[in-house]
Amino acid sequence: MRLTSTLSAALFSVAALLAGTQSAAAAACSNTSAGFEEWAAAFKQQAEGQGFSPRMLDKVFSSVSYSRSTISADRGQKSFKLSFDQFMQKRGGQTIINRGKTMKKNNAALFARLEQRYGVPAGPLIAIWGMETGFGSFLGKEHTLSAVATLAFDCRRSEFFTDQFYAALELVQAGNLDVNAKGAAHGEIGQTQFLPRNVVRYGVDGDGDGHIDMVRSRADALASTANFLRGHGWQPGAGYQQGEPNFAAIQGWNAATVYQQAIAHIAARIDAE
């Protein structure tokens with residue numbers, strides 16, 4: 001009887017493996033929109049097999065569609081090739097500095113709490129906040145789940161964004177991401193534009209309401225940003241300009257050198273006040 005049970009279990013495992021392989025094959029990536037519906041159906045089946053709620057998945061996949069605007073944005077990132085001065089002008093660096101100083105004064109208690117808890121001063125947090133969304137004034141117009149699903153389907157960075165899509169599903173299931181949420185072209189979420197996996201890893205309930213709301217809560221967004229920097233090696237009290245210890249944490253935020261330089265420069269001008 002035991003031998004029979006073991007053999008049956010083995011046969012079941014082989015069958016499950018074959019089924020998973022066939023499902024994965026059906027979910028092949030593409031560099032065009034062709035096959036997206038089939039890919040989405042296969043992804044949904046895989047996600048259900050990993051324990052996600054069928055009801056939640058029905059809601060998600062009924063809202064998801066292929067986003068050509070996301071693909072266009074992904075292929076056309078040119079501002080990171082600008083010089084530092086050109087980049088600062090294009091992104092309104094001086095305006096961010098000026099408004100950032102006011103934001104620091106108006107939210108002094110919040111930034112003091114964040115520095116005490118995470119060791120990150122106001123400047124870098126405000127610089128990121130201003131650079132990413134103009135202090136929450138523009139969070140993006142793309143359907144977040146469609147953007148991430150499209151990039152998971154697209155072959156250029158399919159593996160990376162497949163993980164991001166699973167993270168987005170985790171957020172929806174936890175009640176921390178609305179199915180109809182809108183954000184940036186690559187699926188970045190909220191006032192400081194976190195990718196879904198970073199919300200899962202570093203998201204913080206900064207206002208104590210029981211949820212991580214990167215969109216509506218500046219306390220959540222800024223606490224999560226401070227936690228991200230700490231998670232990337234931020235050392236309390238150390239400098240954050242190029243060549244100083246905390247610049248490495250800023251590098252973890254964005255891979256573009258000119259963006260890193262802009263954050264450090266803007267932050268220093270704000271912290272000087």
Side-chain angles (χ1 to χ4, degrees), residues 77 79-137 184 186 188-195 197-207 212 214 217-273:
Q77 301 182 70
S79 64
F80 294 150
K81 299 178 182 179
L82 300 174
S83 70
F84 174 77
D85 289 339
Q86 290 171 331
F87 184 79
M88 285 286 289
Q89 183 174 6
K90 183 178 179 65
R91 299 298 289 264
Q94 188 58 51
T95 299
I96 294 172
I97 291 169
N98 295 339
R99 287 193 62 197
K101 292 176 181 178
T102 301
M103 287 292 184
K104 181 180 178 181
K105 292 177 183 177
N106 292 347
N107 297 275
L110 171 61
F111 288 114
R113 288 198 305 271
L114 295 178
E115 183 166 11
Q116 183 177 21
R117 180 172 181 182
Y118 300 102
V120 182
L125 302 179
I126 295 172
I128 289 170
W129 189 22
M131 287 277 287
E132 293 290 350
T133 65
F135 308 104
S137 63
H186 290 78
E188 300 95 334
I189 300 167
Q191 297 194 35
T192 53
Q193 300 285 273
F194 269 43
L195 284 170
R197 181 57 66 192
N198 283 335
V199 181
V200 172
R201 287 176 179 158
Y202 302 108
V204 173
D205 175 15
D207 57 17
I212 301 168
M214 303 292 288
S217 173
R218 65 176 53 175
D220 289 6
L222 293 169
S224 299
T225 305
N227 193 38
F228 177 97
L229 292 174
R230 184 177 69 174
H232 284 73
W234 191 277
Q235 301 175 31
Y240 52 77
Q241 298 302 304
Q242 280 185 289
E244 295 180 327
N246 286 329
F247 192 75
I250 293 175
Q251 288 176 309
W253 181 265
N254 191 294
T257 300
V258 69
Y259 199 104
Q260 299 159 5
Q261 294 170 336
I263 290 174
H265 174 79
I266 292 169
R269 294 285 300 279
I270 292 170
D271 276 340
E273 291 294 308

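All values below come from the heavy atoms of this structure, side chains included, with hydrogens, waters and symmetry mates left out.
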>> For Ala127, give me all partners under side chain to side chain contact (heavy atoms under 4.5 Å, CB included), at least two apart in sequence or on another chain.
In response: Ile263, Ile266, Ala267
> Hey, mind stepping through Arg99 and Thr95 against side-chain contact (heavy atoms from CB on, under 4.5 Å) and telling me if it holds?
Replying inline: CA-CA 6 Å; Arg99 287 193 62 197; Thr95 299; 4.3 Å; yes
> With sequence neighbours left out, which residue pairs that include part of residues 112-123 fulfil the side chain to side chain donor-acceptor pair (under 3.5 Å) condition?
Replying inline: none
> Heavy-atom distance under 4.5 Å between the side chains of Leu114 and Leu222, does that happen here?
Replying inline: yes
>> Let's go through Thr192 and Leu125 carefully: what are the C-alpha distance in whole Å and the side-chain angles of both, what is the deciding distance for side-chain contact (heavy atoms from CB on, under 4.5 Å) to 0.1 Å, and is it a yes or a no?
In response: CA-CA 9 Å; Thr192 53; Leu125 302 179; over 6 Å; no
> Rounded to the nearest 0.5 Å, what separation is found between the NZ atom of Lys101 and the CG atom of Asn106?
Replying inline: 14.5 Å
>> Could you measure the distance from the CD atom of Glu132 to the CD1 atom of Ile96? Nearest 0.5 Å is fine.
In response: 9.5 Å
>> A side-chain contact here means heavy atoms from C-beta on lying under 4.5 Å apart; do Val120 and Tyr240 qualify?
In response: no
> With a 4.5 Å heavy-atom cut-off, do Pro121 and Phe111 have their side chains touching?
Replying inline: no
>> Using the rule given for side-chain contact (heavy atoms from CB on, under 4.5 Å), can you reason through Asp220 versus Asp205, listing the C-alpha separation, both sets of side-chain angles and the distance that settles it, and then say yes or no?
In response: CA-CA 5 Å; Asp220 289 6; Asp205 175 15; 3.7 Å; yes
> To the nearest 0.5 Å, what is the distance between CZ (Phe135) and OG1 (Thr102)?
Replying inline: 8.5 Å
> Are the side chain of Asp271 and the backbone N or O of Gly123 linked by a donor-acceptor pair below 3.5 Å?
Replying inline: yes
> How about Ile212 and Met214: do any of their side-chain heavy atoms sit closer than 4.5 Å?
Replying inline: yes
> To the nearest 0.5 Å, what is the distance between CD (Gln261) and OG (Ser83)?
Replying inline: 9.5 Å
> Between Tyr202 and His232, how do the two ring planes meet: parallel, tilted or perpendicular, split at 30° and 60°?
Replying inline: tilted
> Do you know the tightest heavy-atom contact between Gly136 and Gln191?
Replying inline: CA-OE1, 3.9 Å
>> Just to verify, what does Arg218 make a salt bridge (charged side-chain N to carboxylate O under 4.0 Å, His left out) with, not counting sequence neighbours?
In response: none
> side chain to side chain contact (heavy atoms under 4.5 Å, CB included) with Ala112: which residues, sequence neighbours excluded?
Replying inline: none
> With a 4.5 Å limit on heavy-atom distance, are the side chains of Met88 and Leu82 in contact?
Replying inline: no
>> Working to the nearest 0.5 angstrom, can you tell me the gap between Lys104 NZ and Leu110 CG?
In response: 13.0 Å
> Could you walk me through whether Asn98 and Gln94 pass the side-chain hydrogen bond (donor to acceptor under 3.5 Å, both in side chains) check?
Replying inline: CA-CA 6 Å; Asn98 295 339; Gln94 188 58 51; 3.0 Å; yes
>> For a quick test of reading the model, state the closest non-hydrogen atom pair linking Gly203 to Ser224 and the distance between them.
In response: CA-OG, 3.4 Å
>> Show every ring pair (Phe, Tyr, Trp, His ring centres under 6.0 Å) that has at least one partner inside residues 247-273, sequence neighbours left out.
In response: Phe80-Tyr259, Phe84-His265, Phe87-Tyr259, Phe194-Trp253, Phe228-Trp253
> At their closest point, which heavy atom of Gln241 faces which heavy atom of Ala264, and how far apart are they?
Replying inline: NE2-O, 2.9 Å
> Ala238: what forms a side chain to side chain contact (heavy atoms under 4.5 Å, CB included) with it, not counting sequence neighbours?
Replying inline: Gln235, Pro245, Asn246
> Minimum heavy-atom separation for Ile97 to Ile270, with atom names?
Replying inline: O-CG1, 4.0 Å
> Does the Arg230 side chain pair with the main chain of Gly119, one donor and one acceptor, at a distance under 3.5 Å?
Replying inline: no
